[in-house]
Amino acid sequence: MTERAGDGRGTLPRNPFPTVDIIIEFAGGIVLIDRLNPPHGWALPGGFVDYGESVESAAEREAQEETGLGLTELRQFHVYSDPGRDPRMHTMTTVFVAKGTGVLRAADDARAAAVYDTDSLPSEMAFDHRSIVKDYVEWRRGATAPWDQDSSD
């Protein structure tokens, strides 16, 4: 069922908010940020896509704002859209994989930024990011990519 919201001219669909998250490969691991704002916990760098912005540009902007890193070899990994993935609202995220360049530093809404080995992630992770990293690790090890899996399960 589609929810609709009134705008005085009729009804408009009530849509999920588009976001991006980036798996940044850097210094032998992946970059995570410790979120300054709720929901707290360690997370992949990312955020909301601004109106008029492409998801690729949003990924580059968010990486720079939160980690100080530039991105190379940016490629789309998968879209995650479970309505419960963000406790604040219904979001859908386009996840990218990229190589990080520059000097890692926490900025914007990141309390800290660090490089983690994918086998030793922090215990407190925000959103569905532990599951996203798990998919990434399996893909890197040669398993079927999320986009090639049968979604009828």
Inset, instruction - Please step through side-chain contact (heavy atoms from CB on, under 4.5 Å) for the pair Arg14 and His90, ending with a clear verdict. - result: CA-CA 10 Å; Arg14 187 169 169 213; His90 183 180; over 6 Å; no

Inset, instruction - Report the C-alpha distance between Trp42 and Tyr116 in whole Å, list the side-chain angles of each, state the deciding distance to 0.1 Å, and finish with yes or no for side-chain contact (heavy atoms from CB on, under 4.5 Å). - result: CA-CA 11 Å; Trp42 287 88; Tyr116 279 88; 3.7 Å; yes

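When all heavy atoms of Ala59 and Leu71 are compared, the pair lying nearest together is O-CD1, 3.8 Å. Here the closest non-hydrogen pair linking Ala27 and Val115 is O-CG1, 4.1 Å. Contact detail for Ala106 and Ala110: the closest heavy-atom pair is CB-O, 3.7 Å. Nearest heavy atoms, Asp108 versus Leu36: O-CD2, 4.3 Å. The two residues Leu104 and Leu69 make their nearest non-hydrogen contact at N-CD2, 3.7 Å. Shortest non-hydrogen contact noted between Gly100 and Phe26 is O-CD1, 3.4 Å.
In this structure, the side chains of Arg88 and Phe17 stay at 4.5 Å or more apart for every pair of heavy atoms. The shortest side-chain heavy-atom distance between Pro45 and Val31 falls under the 4.5 Å cut-off. Annotation: side chain of Asp135 is in contact with side chain of Phe77 (closest heavy-atom distance under 4.5 Å). Contact annotation: the side chain of Leu32 approaches that of Leu121 to within less than 4.5 Å [non-hydrogen atoms, C-beta and beyond]. Inter-residue side-chain proximity for Arg140 and Thr118 is flagged as unmet; no heavy-atom pair is nearer than 4.5 Å. Counting only heavy atoms from C-beta outward, the side chains of Asp82 and Asp128 never approach each other to under 4.5 Å. A heavy-atom distance below 4.5 Å is found between the side chains of His129 and Arg85. Looking at heavy atoms from C-beta onward, His78 lies out of side-chain contact with Tyr136 at the 4.5 angstrom threshold.
Follow the hydrophobic side-chain contacts under 4.5 Å out from Leu74 and you reach Val49 in the same cluster. The hydrophobic cluster containing Val137 also contains Ile132, counting ILVMFWY residues as joined when their side-chain heavy atoms lie under 4.5 angstrom apart, directly or transitively. Both Val95 and Ile30 are part of a single hydrophobic cluster, where members link through side-chain heavy atoms under 4.5 Å apart. Each of Val133 and Ile22 belongs to its own hydrophobic cluster when Ile, Leu, Val, Met, Phe, Trp and Tyr are linked at side-chain heavy-atom distances under 4.5 angstrom.
No more than 12 heavy atoms of other residues, nucleotides or ligands shown are found within 6.0 angstrom of CD on Glu124. Atom CZ of Phe48 is surrounded by more than 12 heavy atoms from other residues, nucleotides or ligands within 6.0 Å.
A donor-acceptor pair is defined here as one N or O able to donate and one able to accept, closer than 3.5 Å; such a pair exists between the side chain of Arg130 and the backbone of Pro122. Looking at Thr91, its side chain never comes within 3.5 Å of a backbone N or O of Pro18 through a donor-acceptor pair.
Using a 4.0 Å cut-off between charged nitrogen and carboxylate oxygen, Arg141 and Asp119 count as a salt-bridge pair.
Atom NE2 in His40 sits 8.5 Å away from atom CZ in Arg35 (nearest 0.5 Å). In this structure, the separation between CD on Glu62 and CD1 on Ile24 is 10.5 Å, given to the nearest 0.5 Å. Separating the CZ atom in Arg111 from the CG atom in Asn37 is a distance of 8.5 Å, to the nearest 0.5 Å. Residue Leu44 holds its CG atom at 5.5 Å from CG of Asp21, rounded to the nearest 0.5 Å. Here the CD atom belonging to Glu66 is positioned 4.5 Å from the CG atom belonging to Asp109, to the nearest 0.5 angstrom. Interatomic distance, Phe96 CZ to Ile23 CD1, rounded to the nearest 0.5 Å: 11.0 Å.
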